[in-house]
Amino acid sequence: MTIKFGLIGGGVMGEALLSRLIALGTYQSSEVIVSEPLSSRLDFLKQQYDVAVTTDNSEVFTQVKEVVFLAVKPQVFSAIAQELASIDILNKEHSPLIISILAGVPLSQLEAAFVQLPVIRAMPNTPATVGAGITAICSGAYTNAKHHQIAQQIFSAVGEVVEVSEGLMDAVTGLSGSGPAYVALLVEALADGGVSAGLPRAIANQLALQTVLGTAKLLHETKMHPAELKDRVTSPGGTTIAGIAKLEQAGFRSALIEAVKAATERSQELGK
Ligand SMILES: NC(=O)C1=CN([C@@H]2O[C@H](COP(=O)(O)OP(=O)(O)OC[C@H]3O[C@@H](n4cnc5c(N)ncnc54)[C@H](OP(=O)(O)O)[C@@H]3O)[C@@H](O)[C@H]2O)C=CC1
Ligand SMILES: O=C(O)[C@@H]1CCC=N1
């Protein structure tokens, strides 16, 4: 069987993508190879997804025909680029498409490492695990319509896809890439508030989670502006405006704006 998809870095995001791609049949298990340094992790991925595994990244490059998917930390990118510099990828019969989800690492660095290869930089997020992610993609100089279609197919398997210019990728990282952590914090804090107000923990967790899920669904399905929804919930002299006044006093909106900006700046730093 031809190896079509090679994953370098089978950590949180690598596995999230892998699990969906196999579950949806985008790639068969027998068409996938995963490279990871930790043998216990490799054993797990092999057992869970029935894919070929290796500790040698160069094996991925020499075997893969369609896509090499980079899902390592940005901090190890230069080591990997050096490791692969000696491999004659260009002289392979089929040059693979390189897809990188590394925060911050720009197309210029990727294209310097994978000379004349088609490269797509992408930023997915963890809801990809359940098919509810959103991924922004931007394409390098050597990509064509076919590469574009492959990337669209891969990321559509895990949620929505948007195309942006590369200059916006760090901002995407600060918002939707990191965003699931902000929302998780929100859910946890809402539940804590409920417990503080006397609710049993399990009920508070359920109320908090379904409130966030339901609100997101309502906004998504009706396309209502968030400000309009806020106005609809806020009865004059009622409970919600009392809660909102406290949030404004604590700088809730400002904290979120600053969080997205700080994460964007950190993404920019990771690319230097
Ligand atoms: N987590 C997220 O929500 C998102 C992450 N990203 C990006 O995805 C990438 C991966 O992040 P994440 O999955 O969270 O990180 P993880 O640490 O979970 O995954 C990275 C994996 O790469 C492995 N690895 C380390 N060195 C090498 C190497 N030389 N060759 C092959 N594999 C190696 C690690 O193994 P070991 O643990 O043994 O070191 C680990 O399993 C990052 O670049 C991040 O910016 C993008 C969008 C969202
Ligand atoms: O925290 C990080 O650096 C990665 C990138 C986006 C989400 N997680």
Side-chain angles (χ1 to χ4, degrees), residues 6-21 32-46 48-49 51-64 68-87 98-107 109-110 113 119-130 132-138 151 154-155 158-162 164 168-185 259-272:
L7 173 64
I8 298 193
V12 174
M13 271 319 280
E15 187 188 355
L17 267 294
L18 178 70
S19 64
R20 292 290 297 180
L21 292 175
V32 175
I33 185 166
V34 180
S35 176
E36 257 278 324
L38 208 63
S39 59
S40 58
R41 181 73 184 156
L42 278 185
D43 292 345
F44 165 78
L45 293 169
K46 186 175 173 51
Q48 189 76 13
Y49 302 106
V51 291
V53 293
T54 177
T55 52
D56 181 1
N57 292 331
S58 62
E59 222 181 291
V60 173
F61 274 86
T62 44
Q63 288 193 27
V64 162
V68 173
F69 195 97
L70 292 178
V72 294
K73 290 205 172 72
Q75 290 88 342
V76 301
F77 173 66
S78 57
I80 290 196
Q82 269 180 5
E83 194 183 335
L84 300 171
S86 58
I87 304 171
I98 312 289
I99 298 181
S100 164
I101 62 164
L102 277 59
V105 178
L107 282 170
Q109 276 188 37
L110 294 161
V119 178
I120 287 181
R121 178 179 171 190
M123 182 44 57
N125 63 4
T126 42
T129 317
V130 291
I134 182 152
T135 305
I137 58 174
C138 61
I154 287 174
F155 291 113
V158 296
E160 296 181 14
V161 185
V162 292
V164 299
L168 298 177
M169 284 303 273
D170 293 314
V172 167
T173 307
L175 173 51
S176 57
S178 297
Y182 314 151
V183 176
L185 226 63
V260 174
K261 279 166 65 183
T264 302
E265 284 161 17
R266 181 65 188 137
S267 179
Q268 287 161 351
E269 278 168 19
L270 286 170
K272 285 184 183 145

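Only heavy atoms go into these numbers, but all of them, side chains included; no hydrogens, no water, no symmetry mates. Ligands are counted one by one from 1 in listed order, and the atoms in each one are counted from 1 as well. Along the sequence shown, the residues carry numbers beginning at 1.
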_For atom 1 (O) of ligand 2, what's the nearest protein heavy-atom neighbour? Residue, atom name and distance, please._
S178 OG, 4.6 Å
_Residue and atom name of the nearest protein heavy atom (relative to atom 7 (C) of ligand 2), distance in Å to one decimal_ = G177 O, 3.3 Å
*Any donor-acceptor N or O pair under 3.5 Å, side chains T54, D56*: no
*Do S35 and N57 have side-chain atoms, one donor and one acceptor, less than 3.5 Å apart?*
yes
How does [X] reach ligand 1, if at all, at less than 4.0 Å between non-hydrogen atoms: by side chain, backbone, both, or neither?
X	value
P74	both
I80	side chain
M123	side chain

*Is the F44 ring parallel, tilted or perpendicular to the Y49 ring (thresholds 30°, 60°)?*
perpendicular
*Counting from 1, what ligand 1 atoms have a heavy atom of E36 closer than 4.0 Å?*
21 (C), 22 (O), 23 (C), 34 (C), 35 (O), 40 (C), 41 (O)
*Can you sort out which atoms of ligand 1 are near N57, meaning under 4.0 Å from one of its heavy atoms?*
28 (C), 29 (N), 30 (N), 31 (C)
*Are any of the protein's heavy atoms under 4.0 angstrom from atom 4 (C) of ligand 2, yes or no?*
no
*Could you tell me whether atom 37 (O) of ligand 1 has at least one protein heavy atom nearer than 4.0 Å?*
no
*Compute the minimum heavy-atom distance from A79 to ligand 1 and say whether it is under 4.0 Å.*
no
_Under-4.0 Å salt bridge between E15 and R41_ = yes
*Decide, yes or no, whether a salt bridge links K272 with D170 under the criterion of side-chain N to carboxylate O below 4.0 Å.*
no
*Out of V72, V34, I101, indicate the one that has the non-hydrogen atom closest to atom 42 (C) of ligand 1.*
V72
